[in-house]
Number of protein chains: 2
Amino acid sequence: MVKITQPHIDKREHLINEAIELFAEKGFEGTSIRDLATRAGVNIAMVNYYFGSKEKLFEAIVAKKASHMRGVLDIILANKALTEIEKLDAIIEGYVTRFFAYPTFHRVLQQELLVSSRDHMHETIIELFIRNTKDVVGIIQKGIKSGVFKKVDPELTFASIIGTLNQVLSSAMMCNKLMNKPKDYNPYDNPQFKKRLITHIQCVVHALLLK
Amino acid sequence: MVKITQPHIDKREHLINEAIELFAEKGFEGTSIRDLATRAGVNIAMVNYYFGSKEKLFEAIVAKKASHMRGVLDIILANKALTEIEKLDAIIEGYVTRFFAYPTFHRVLQQELLVSSRDHMHETIIELFIRNTKDVVGIIQKGIKSGVFKKVDPELTFASIIGTLNQVLSSAMMCNKLMNKPKDYNPYDNPQFKKRLITHIQCVVHALLLK
DNA sequence: TTGTTTAATTTAAACGATTGTTTAATTTTG
DNA sequence: CAAAATTAAACAATCGTTTAAATTAAACAA
């Protein structure tokens, strides 16, 4: 007898992945559990069975995926062989690579940053951002103190890095219009576009910081 | 006899303004018409009476407020006395001023850019962005051709300008944490912070473009 | 001004549909 | 056989919207 349903190794993970796609497209409130259950091919009750509630599913999503950039940052920060500007270059590449690998997830995070009604979730995401911000700001400040960097605004410089990336990530349709690609094209699958973005942000940081 | 209700010159406008605040805080789907009616001090039926539907209320919001930057851009573009870099500086100041004057409205727009489920609304907002993008990109390309600007990526340069601004705008709580302000502080009311942001973005553009 | 008529506004109540969640029975698994 | 997973069905609550009656405002003739 042939199995009709896919052999999901971990149904929890499958639900999380499908939820990210739906949340990114329709938003958290705009996505119903029935939408999700249908799309994931499971019963309506399974979401509450696995996660307890819709909101806890959201927390599970954040808990599972949001801390990845921490590891990347820690490795770069611990690398004594890198100069400050090389660290920043590596961080930029790390961010773009990560965001391009999971564009829908980071769209969900951005949505939650904009919507402040789910207080706990909002603060959790901000905490993550703040820690990363302080690390990058620290590198910039160190470079300024040692005289390698010009005296810029460290916090807003990081805002420019992440902001540029988020701007590109916020709407695929907009990217496609600007690149004359068809409407349903996925710009985040395009390695040339990814390279172009990395180069641009690095250029911005170089121009702003290096004397 | 004293009037109990406030003398709203235009109830339509009052509803729009309250809706912007609620949509910015809770999102479009996260805001119920009952929420809005209660907050605005009107009956539940009034939203549909004035706008026809919740979605048309949203369209009314966009139609009323979204085209303002066009006028600002047109004036700057038509000013023959300005050099390219002066135009860009003026555009940056215009954008920051506008966004700081109506931070909640622009948060609503950003949300709608992230959520692509309401197709018509999504495209409308993108059209507005695209037009403005093309104008700014045009200035940068002109500067590059005449040899005044370095050969940068014009589209992504605009993404950096708007992206930096949107990043700052996306969460007041984050701004406050970075500036060591209390949780309920409104950073967009702070003229020094506004000046700081204008200066930073202009610095970025100068560093990136000027030889 | 006056009273009358018509239109615009506002209201409370109800509409059906959909929401997240729970239940209790059933099937699958180890 | 016991535990875990899955199901269909129902739960109360809330959603956007509509209705039909009540109120207010505007228009107009006398």
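Quick note on labels: first sequence line is chain A, next is B, and so on, each numbered from 1.
B:Asp74 has a carboxylate O that lies under 4.0 Å from a charged side-chain N of B:Arg70, or vice versa, which qualifies the two as a salt bridge. Contact check on B:Lys194 versus B:Glu93 returns no salt bridge, with no Lys/Arg side-chain nitrogen under 4.0 Å from an Asp/Glu carboxylate oxygen. Between B:Arg118 and B:Glu123 no salt bridge is recorded (no basic side-chain N to carboxylate O distance below 4.0 Å). Looking at B:Glu13 and B:Lys64, a side-chain N of the basic residue comes within less than 4.0 Å of a carboxylate O on the acidic one, giving a salt bridge. One finds a salt bridge joining B:Lys177 and A:Glu127 here, because a Lys/Arg side-chain nitrogen approaches an Asp/Glu carboxylate oxygen to under 4.0 Å. One finds no salt bridge joining B:Arg107 and B:Glu25 here, because no Lys/Arg side-chain nitrogen approaches an Asp/Glu carboxylate oxygen to under 4.0 Å.
At distances below 3.5 Å, at least one donor-acceptor pair connects side-chain atoms of A:Gln202 with backbone N or O atoms of A:Asp89. Judged by distance alone, the side chain of B:His106 and the main-chain N or O of B:Asn166 form no donor-acceptor pair under 3.5 Å. Side chain of A:Thr31 to backbone of A:Leu22: a donor-acceptor contact under 3.5 angstrom is found. Side-chain atoms of A:Gln111 come within 3.5 Å of backbone N or O of A:Ala24 as a donor-acceptor pair. Between the side chain of B:Asp153 and the main chain of A:His200, no donor-acceptor pair closer than 3.5 Å is present. The backbone N or O of B:Phe193 lies less than 3.5 Å from a partner atom in the side chain of B:Asn190, making a donor-acceptor pair.
Sorted by first and then second residue, the ring-ring contact (aromatic ring centres under 6.0 Å, His included) pairs involving residues 43-76 of chain B (not counting sequence neighbours) are B:Phe23-B:Phe58, B:Phe28-B:Phe58.
Contacts of residues 113-124 of chain B with DNA chain D (heavy atom under 4.0 Å): none. Contacts between residues 18-27 of chain A and DNA chain C, defined by a heavy-atom separation below 4.0 Å, involve no residue at all.
For A:Ile33 and D:dA10, the CD1 to P distance is 20 Å, given to the nearest whole Å. At whole-Å resolution of the value, NZ in A:Lys54 and P in D:dT14 are 15 Å apart. In this structure, the CD atom of A:Glu29 is 9 Å from the P atom of C:dG20, given to the nearest Å. In this structure, the CG atom of A:Leu36 is 10 Å from the P atom of C:dG20, given to the nearest Å. For the pair A:Ile44 CD1 and C:dG20 P, the interatomic distance rounds to 10 Å; values are reported in whole Å. Spacing between atom CZ of A:Phe51 and atom P of C:dT22 amounts to 15 Å, rounded to whole angstrom units. In this structure, A:Arg34 places its CZ atom 11 Å from C1' of D:dC11, rounding to the nearest Å.
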Nucleotide N/O to protein N/O under 3.5 Å, stretch nucleotides 6-9 of chain C:
| from | atom 1 | to | atom 2 | distance (Å) |
| --- | --- | --- | --- | --- |
| C:dT9 | OP2 | B:Tyr49 | OH | 2.8 |
| C:dT9 | O5' | B:Tyr49 | OH | 3.4 |

Between the protein and nucleotides 19-23 of chain D, are there any N/O to N/O pairs under 3.5 Å, and if so, what are the atom names and distances?
none

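In this structure, B:Ser32 reaches the D:dC15 phosphate: one of its side-chain N or O atoms is under 4.0 Å from OP1 or OP2. B:Asn43 has no side-chain polar atom (N or O) that falls below the 4.0 Å cut-off from OP1 or OP2 of C:dT10.
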Under a 3.5 Å cutoff on both atom distances, Watson-Crick or G-U, what's the dot-bracket for DNA chain D ([ ] crossing, | other strand)?
||||||||||||||||||||||||||||||
Trace of the side-chain contact (heavy atoms from CB on, under 4.5 Å) decision for A:Ser171 with B:Ile126
CA-CA 9 Å; A:Ser171 171; B:Ile126 284 184; 3.3 Å; yes
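Residues A:His122 and A:Ser117 have side chains that never bring a donor and an acceptor to within less than 3.5 angstrom of each other.
Between B:Tyr188 and B:Phe100, the ring-plane angle classifies as perpendicular under the 30° and 60° cut-offs.
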